[in-house]
**Q** 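Sending over a structure as structure tokens; questions will come in a sec.
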Amino acid sequence: MIRTVTSTPYADQKPGTSGLRKKVTVFQQPNYAENFVQAVFDAIEGKDGATLVIGGDGRFLNREVIQKAIRIAAANGFGRVVVGRGGLLSTPAASNMIRIRKALGGLVLSASHNPGGPTEDFGIKYNIANGGPAPEGITDAIFARTKTIDRWRTIDADDIDLDALGEVSVGDMTVEVVDPVADYAALMESLFDFPAIRGAGLTMAFDAMSAVTGPYATVILERRLGFAPGTVRNGTPLEDFGGHHPDPNLVHAKDLYDLMMGADAPDFGAASDGDGDRNLIIGRGRFVTPSDSLAMLAANAHLAPGYAAGLKGIARSMPTSAAADRVADRLGIPAFETPTGWKFFGNLLDAGMATICGEESAGTGSDHVREKDGLWAVLLWLNILAASGKSVDALAREHWATYGRNYYARHDYEGVDSARADALMAELRAGLADLPGRVVGPLTIAGADDFAYEDPTDGSVSRNQGVRILFEGGSRVVFRLSGTGTSGATLRVYLERYEPADGRLDADTGAMLADIVAAADAIAGIARHTGRHAPDVVT
């Protein structure tokens, strides 16, 4: 029986770059999650009899919200819901599931790399039929509906057993509980040379960070590729990620970094995040930045069967270093610079204009799905290592000797008072016209702008995407506020220095960026505005 529940709007349900993210306690408010799910369904068309995919990263509240979403979907006319066993689906696996099931879309329940637990973060994101995040037109419609919603619909039915594979009925709708790994693993095996990887004799360590990629990595790395038992560390998904922050960077994956820098390091080290869409790559004695990883993967992708025919184009987010642009130029293919947010890549991938995409925030992917994909990047690296017979360090050195090196770092100032962060950005934007020609220490500013992007596929324009300060010689600093946190503001400062192929290619990154760090504070007044004299996280 369909039941209508009277409700009132919440004012804070505007989806960000990756859906609606709030503290668990916010989502636990009466009707909060229900309002948002109903608003999604009210904003989209074609629900009657359609298929909907639902899954998440297993964080606290995941199972509870899935049960609610199933009943709301049944009351709104969906014909089938496909849900991962245990409520689990990594974000790239959910994208793949939407595509192969020809679903109308999917609800991905995650706050990605943010911490989980009763007092931590939760999120809901709607992905469209191509498997990618909803574009702004849909998220704007969802937000508009959240401001006027006065009821949500559900059906009187018991919770389903999320741990039992098979089909059950919820009202007139079929709910299918599926193995969350099988279809994704098959996709990976179609793209990469698993026999070559198995035969290469490589050793590795993979840190799943007690998050959703644990089951995927165990099946693919240990069972299908034959890596030793125990290769996958922290492989059981936990509601609170073991009390850790599931962000694959050098701060939160320090144990892996220390292992890979030690005397007994395996050949290859990697990690992924809460929902499986990000990656960390470390070879024995060599950390590879996400920006460099994108460029090196693009330069060597032809070694994997799925990309043997070559790439159509390479896309990167604006804050990501220009290293990939140099690869595109040598390959004679287009390079695209987009705003932050994977949805901007989706249009390029759908149009066949790009094959590989990446973000400096450790997200890399290709046209196999419409999300970034942590394990995909790990497997492409393994395929390249197996096919070339070279180490990560050797590949990196050869790449820099060919293309030059973009020394790169990101400084995050987390939990900054929002008013102060906004004031910093407003002052920066107001002074852009006066910056060209200004000398800051040994650096001369060649140009400055507030990045805007015109999508080549549909002509849409996105403005105010981050302030760029460009120095003579190819170096730069970028300032933007993050849209992925749940409290305060995160000021992100991206620092990049280009060193040509005949320059200093293996110097200390901190030393090479020191002048740019000083210039960033002088130009933006970071300490003056925020009261911070050092970033909280350096990646």
**Q** Could you label the plane-to-plane angle of the Phe344 and Tyr453 rings as parallel, tilted or perpendicular, counting under 30° as parallel and over 60° as perpendicular?
**A** perpendicular
**Q** Assess whether side-chain contact (heavy atoms from CB on, under 4.5 Å) is satisfied between Arg480 and Tyr494, documenting all intermediate values.
**A** CA-CA 9 Å; Arg480 70 180 287 271; Tyr494 308 86; 3.5 Å; yes
**Q** Let me see the working for Asp417 and Thr530 under side-chain contact (heavy atoms from CB on, under 4.5 Å), right down to the final yes or no.
**A** CA-CA 8 Å; Asp417 177 79; Thr530 70; over 6 Å; no
**Q** Please tell me if the side chains of Thr25 and Gln28 come closer than 4.5 Å, counting only heavy atoms from C-beta onward.
**A**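 Of all side-chain heavy-atom pairs linking Gln28 with Thr25, at least one is under 4.5 Å.
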**Q** Taking the six-membered ring of Phe479 (Phe, Tyr or Trp), confirm whether the NZ or CZ of Arg468 is under 6.0 Å from its centre and within 45° of its axis.
**A** no
**Q** When rounded to the nearest 0.5 angstrom, what is the spacing between OH in Tyr407 and OG in Ser291?
**A** 14.5 Å
**Q** I want to check something: taking the side chain as every heavy atom from C-beta on, are Pro118 and Glu239 in contact at a cut-off of under 4.5 Å?
**A**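 Result no, sub-4.5 Å side-chain heavy-atom pair not found.
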**Q** side-chain contact (heavy atoms from CB on, under 4.5 Å) for Ile314 and Val327? Distances and angles first, verdict last.
**A** CA-CA 9 Å; Ile314 305 170; Val327 174; 4.1 Å; yes
**Q** Strictly below 4.0 Å, N to O, side chains only: are Asp506 and Arg397 in salt-bridge contact?
**A** yes
**Q** So with a 6.0 Å cut-off around CZ of Phe336, is the heavy-atom count from everything else above 12?
**A**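 More than 12 within 6.0 Å, yes.
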**Q** Side chains of Arg316 and Asp325: closer than 4.5 Å at any heavy-atom pair?
**A**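 Side chain of Arg316 against side chain of Asp325, heavy atoms only: contact under 4.5 Å found.
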**Q** Which heavy atom in Ile142 sits nearest to a heavy atom in Pro15, and how many Å separate them?
**A** CG2-CG, 4.4 Å
**Q** Starting at NE2 of His368, measure out to CG of Leu349 and round the result to the nearest 0.5 Å.
**A**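 With rounding to 0.5 Å, NE2 (His368) is 10.0 Å from CG (Leu349).
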**Q** Give a yes or no answer on whether the side chain of His245 reaches the backbone of His113 with a donor-acceptor pair at less than 3.5 Å.
**A**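 Between the backbone of His113 and the side chain of His245 there is a qualifying donor-acceptor contact (under 3.5 Å).
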**Q** Do Glu499 and Trp400 have side chains that get closer than 4.5 Å, going by heavy atoms?
**A** no
**Q** Kindly indicate whether the side chain of Glu454, heavy atoms from C-beta on, has any atom under 4.5 Å from the side chain of Ser462.
**A**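 No, side chains not in contact.
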**Q** Please check if the side chain of Thr203 supplies one atom and the backbone of Asp267 the other of a donor-acceptor pair under 3.5 Å.
**A**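 Between the backbone of Asp267 and the side chain of Thr203 there is a qualifying donor-acceptor contact (under 3.5 Å).
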**Q** Decide yes or no on ring-ring contact (aromatic ring centres under 6.0 Å, His included) for Phe60 and Phe122, but give the supporting numbers first.
**A** CA-CA 8 Å; Phe60 187 86; Phe122 188 75; 8.9 Å; no
**Q** How close do Glu371 and Lys125 get, counting heavy atoms only, and between which atoms?
**A** OE2-NZ, 2.7 Å
**Q** Report the distance from atom OG1 of Thr289 to atom CD of Glu496, rounding to the nearest 0.5 Å.
**A** 9.5 Å
**Q** Is the Lys NZ or Arg CZ of Lys23 less than 6.0 Å from the centre of Phe27's six-membered ring, within 45° of the axis?
**A** no
**Q** Please work out which of the three classes, parallel, tilted or perpendicular, describes the rings of Tyr184 and Tyr216, given edges at 30° and 60°.
**A** perpendicular
**Q** Under 3.5 Å, is there a donor-acceptor pair between the side chain of Arg59 and the main chain of Pro115?
**A** yes
**Q** Say whether, by atom type as modelled, one donor and one acceptor occur between the side chain of Gln13 and the main chain of Tyr32 under 3.5 angstrom.
**A** yes
**Q** For residues 428-446, which side-chain donor-acceptor pairs fall under 3.5 Å, sequence neighbours excluded?
**A**
{"unit_1": "Arg429", "atom_1": "NE", "unit_2": "Asp450", "atom_2": "OD2", "d": "2.5"}

**Q** When you measure from the side chain of Lys22 to the backbone N and O of Asp12, does any donor-acceptor pair fall under 3.5 Å?
**A**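 Yes.
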**Q** Any donor-acceptor pair under 3.5 Å linking the side chain of Asp121 with the backbone of Ala111?
**A** no
**Q** Would you say Trp381 and Val288 make side-chain contact, with heavy atoms under 4.5 Å?
**A** yes
**Q** Has the side chain of Ser95 got a donor or acceptor atom that lies under 3.5 Å from a matching backbone atom of Pro92?
**A**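 Such a contact is absent between Ser95 side chain and Pro92 backbone.
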**Q** Quick check: closest heavy atoms across Thr139 and Ala134, and the distance to 0.1 Å?
**A** CG2-O, 3.8 Å
**Q** Is there side-chain contact between Asp57 and Ser90, with heavy atoms separated by less than 4.5 Å?
**A** no
**Q** Distance from Glu359 atom CD to Lys372 atom NZ, nearest 0.5 Å?
**A**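 NZ of Lys372 is found 4.5 Å from CD of Glu359.
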**Q** For Pro215, is there any backbone N or O sitting under 3.5 Å from a side-chain donor or acceptor partner on Thr218?
**A** no
**Q** Would you check if the side chain of Gln29 reaches a backbone N or O of Val26 as a donor-acceptor pair within less than 3.5 Å?
**A**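 Side chain of Gln29 to backbone of Val26: a pair is present.
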**Q** State plainly whether the residues Asp412 and Arg410 are in salt-bridge range, i.e. N to O under 4.0 Å.
**A** yes
**Q** So among Asp277, Asp275, Asn127, Asp273, which one has a side-chain hydrogen bond (donor to acceptor under 3.5 Å, both in side chains) with Thr91?
**A** Asp275
**Q** Between Arg492 and Tyr413, is NZ or CZ placed under 6.0 angstrom from the six-membered ring centre and within 45° of the ring axis?
**A** no
**Q** Heavy-atom distance under 4.5 Å between the side chains of Pro135 and Lys343, does that happen here?
**A**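 With C-beta onward as the side chain, the pair stays apart.
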**Q** Who are the side chain to side chain contact (heavy atoms under 4.5 Å, CB included) partners of Ser272, not counting sequence neighbours?
**A**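 With neighbours one apart ignored, the set is Phe206, Thr213.
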**Q** Which atoms form the tightest heavy-atom contact between Ala377 and Thr364, and what is the distance?
**A** CB-CB, 4.2 Å
**Q** Check for a donor-acceptor pair, side chain of Glu427 on one end and backbone N or O of Met425 on the other, with a separation under 3.5 Å.
**A** no
**Q** Take atom CZ of Arg528 as the centre, draw a 6.0 Å sphere, and report whether it contains more than 12 heavy atoms from other residues, nucleotides or ligands.
**A** yes
**Q** Looking at every heavy atom in both Pro246 and Phe241, which two are closest together, and how far apart are they?
**A** CG-CD1, 3.5 Å
**Q** Rounded to the nearest 0.5 Å, what's the gap from OG1 on Thr338 to CG on Asp455? Could you check?
**A** 9.0 Å
**Q** Taking all heavy atoms of Ile516 and all of Ser475, pick out the closest pair and write down the distance.
**A**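 Looking at all heavy atoms of both residues, the closest pair is CD1-CB, 3.8 Å.
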**Q** Between CZ of Arg286 and CD1 of Ile281, what distance do you get to the nearest 0.5 Å?
**A** 14.5 Å
